[in-house]
Undergrad: 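Next up is a structure, given as structure tokens.
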Amino acid sequence: MSTVTSITRRHLLIGTAATLGAGRLRAAERVLLKAGDQKGGLRALLEAANELQGLPYDIQWAEFPAAAPLAEALNAEAVDLGPIGDAPLIFALSNGVRVKAIGVNRSDPYGTAVLVRPDSPLKTAADLKGKHIATNRGSIGHHIALKALASAGLKADADTFRFLPPAEAKLALTQGSVDAWATWEPYTALAETAGHARVLVNGRGLSSGLSFLAATDSAIAAKRPVLQDFAQRVVRAQRWSYQHVPEFSAALARIIGIPPEAARLQFERRQQRWIAVDAQVLADQQATADFYLEAGLLKQRLEVRNTFDGGFAPAA
């Protein structure tokens, strides 16, 4: 073998190793998006619409049963973003969680409701006087219960609420240790279709129907293009879902592990749509924050205008 050939081959080997090394480095440099979810809804939506294909970044999913533990994870920066309702976002922000809303959706709030057992004698919101209600503290369930009481001229006292996560709250209701359970979808649809509960007070006229995609301040600063891409995929997936109701309902049931009839019921009646941050969104969110202040759950007024990052497009 000639010296020139030997040197050439050695250079080729070095070049190949360098190329492979660079490839590994580029793979290692892929951004990791830590996505929080509630009851698998967001991930199920994206998977069903094939919006998780060809991602230019990696996603690490974490599922939470309710907004409160998701907010805790956002606060600890264990996740970068996640879906959260209007009331729990306000509650989180008032407690110093460093997040902003980067996406807004509005839906029919019927399923954000106060439930009772099918055989309960309670018929109206006024019948909740002196009763015990299970819900998550600071959740949209907590909010709807307070609004239901207020609609009947009632106020919560120290004995009104039993603060429990959804599974425990449902058990408390079915076993009769509480009189009502204030919750949200898909728990409402699950309880209804299983015959475990009926709606006493629904959220129409009481709730704004707003929900948000919230991201930590640090993720917004470091991963803005990734967050923008993710948000646009969510919007496209939502649009696809309402064009393919049977397919999506079946996929949702399979992915999050609930009966098909419950999946379809909660999906069809929500009619969720992603919207831009406008004056009505700000007014509705401010009204919810002010209601929480009046209820004594906030220590000081929250100016909601400062809790939105308008740099993310609402549609793709």
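Position 1 is the first residue of the sequence, and the numbers go up from there.
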Undergrad: Over 60° means perpendicular and under 30° means parallel, so tell me whether Phe291 and His143 are parallel, tilted or perpendicular.
TA: perpendicular
Undergrad: Between Leu164 and Trp181, does a side chain to side chain contact (heavy atoms under 4.5 Å, CB included) hold up when you go through it step by step?
TA: CA-CA 10 Å; Leu164 300 169; Trp181 172 27; over 6 Å; no
Undergrad: Verify, without hydrogens or angle tests, whether Gln286 (side chain) and Leu302 (backbone) share a donor-acceptor contact under 3.5 angstrom.
TA: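 Yes.
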Undergrad: Regarding Arg264 and Glu247, does a basic nitrogen lie under 4.0 Å from an acidic carboxylate oxygen?
TA: no
Undergrad: Is a side-chain donor or acceptor of Gln38 paired with a backbone partner of Pro83 at a separation under 3.5 angstrom?
TA: yes
Undergrad: Is Asp86 reaching over with its side chain to a backbone N or O of Ser211, donor-acceptor style, under 3.5 angstrom?
TA: no
Undergrad: From Asn202 CG over to Ile144 CD1, what is the distance, rounded to the nearest 0.5 angstrom?
TA: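 Separation between the atoms: 8.0 Å.
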Undergrad: Nearest 0.5 Å, what's the OG1-CG distance between Thr160 and Leu149?
TA: 6.5 Å
Undergrad: Arg233 side chain to Glu51 main-chain N or O, any donor-acceptor pair under 3.5 Å?
TA: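 Answer holds: yes.
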Undergrad: Is it the case that more than 12 heavy atoms not belonging to Gln300 sit under 6.0 Å from its CD atom?
TA: no
Undergrad: For this output row, return yes or no: ring centroids of Phe212 and Phe308 closer than 6.0 angstrom.
TA: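 Centroid separation for Phe212 and Phe308: below 6.0 Å.
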Undergrad: Check this for me, if you would: do Lys129 and Asp157 make a salt bridge, where the nitrogen-to-carboxylate-oxygen distance has to be below 4.0 angstrom?
TA: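 Salt bridge absent between Lys129 and Asp157.
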Undergrad: Indicate the ring-plane relationship of His142 and Tyr292, choosing parallel, tilted or perpendicular according to the 30° and 60° boundaries.
TA: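 Ring orientation, 0 to 90° scale: tilted.
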Undergrad: Please check: side-chain N/O of Ser107 versus main-chain N/O of Gln271, any donor-acceptor pairing under 3.5 Å?
TA: no
Undergrad: Do the charged groups of Lys131 and Asp127 touch, with an N to O distance under 4.0 Å?
TA: no
Undergrad: Any salt bridge linking Glu168 with Lys170? Criterion: basic side-chain nitrogen under 4.0 Å from a carboxylate oxygen.
TA: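 Answer for the salt bridge query: no.
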Undergrad: With distance as the sole criterion, is a donor-acceptor pair present between the side chains of Gln285 and Ser208 under 3.5 Å?
TA: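 The criterion, which ignores hydrogens and geometry beyond distance, is not satisfied for Ser208 and Gln285.
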Undergrad: Does Arg106 use its side chain to pair, donor to acceptor, with the backbone of Leu210 at less than 3.5 Å?
TA: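 No, because the side chain of Arg106 does not come within donor-acceptor range (under 3.5 Å) of the backbone of Leu210.
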Undergrad: Find the distance between CD1 (Ile133) and CZ (Arg162) and round it off to the nearest 0.5 Å.
TA: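 Going from CD1 on Ile133 over to CZ on Arg162, the span is 10.5 Å.
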Undergrad: Are any of the side-chain nitrogens in Asp108 or Arg270 under 4.0 Å away from the carboxylate oxygens of its partner?
TA: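 No salt bridge links Asp108 with Arg270.
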Undergrad: Just by distance, do the side chain of Asp80 and the backbone of Lys34 share a donor-acceptor pair under 3.5 Å?
TA: yes
Undergrad: When you check the gap from the basic side-chain N to the acidic O, do Arg43 and Glu63 get nearer than 4.0 Å?
TA: no
Undergrad: Are the side chain of Thr288 and the backbone N or O of Asp284 linked by a donor-acceptor pair below 3.5 Å?
TA: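 Indeed, once roles are kept as given, a pair shorter than 3.5 Å links the two residues.
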Undergrad: With a 4.5 Å cut-off on side-chain heavy-atom distances among I, L, V, M, F, W and Y, is there a chain of contacts connecting Leu265 to Tyr242?
TA: no
Undergrad: Just by distance, do the side chain of Ser120 and the backbone of Val116 share a donor-acceptor pair under 3.5 Å?
TA: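 No.
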Undergrad: Taking the six-membered ring of Phe163 as reference, does the NZ or CZ atom of Arg137 fall below 6.0 Å from its centre and within a 45° cone about the axis?
TA: yes
Undergrad: Determine yes or no for a side-chain-to-main-chain donor-acceptor pair under 3.5 angstrom, with Asp179 supplying the side chain and His132 the backbone.
TA: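 It does hold such a pair.
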Undergrad: Go through it in stages, so that I can follow the logic: the residues are Gln266 and Thr188, the test is side-chain hydrogen bond (donor to acceptor under 3.5 Å, both in side chains), and I'd like the CA-CA distance, side-chain angles, deciding distance and then a yes or no.
TA: CA-CA 8 Å; Gln266 68 93 27; Thr188 299; over 6 Å; no
Undergrad: Is the gap between the ring centers of Tyr57 and Phe230 under 6.0 Å?
TA: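 Between Phe230 and Tyr57, which both carry aromatic rings, the centre distance is not below 6.0 Å.
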Undergrad: Should we say atom CZ of Arg301 is surrounded by more than 12 heavy atoms from elsewhere, each under 6.0 Å from it?
TA: yes
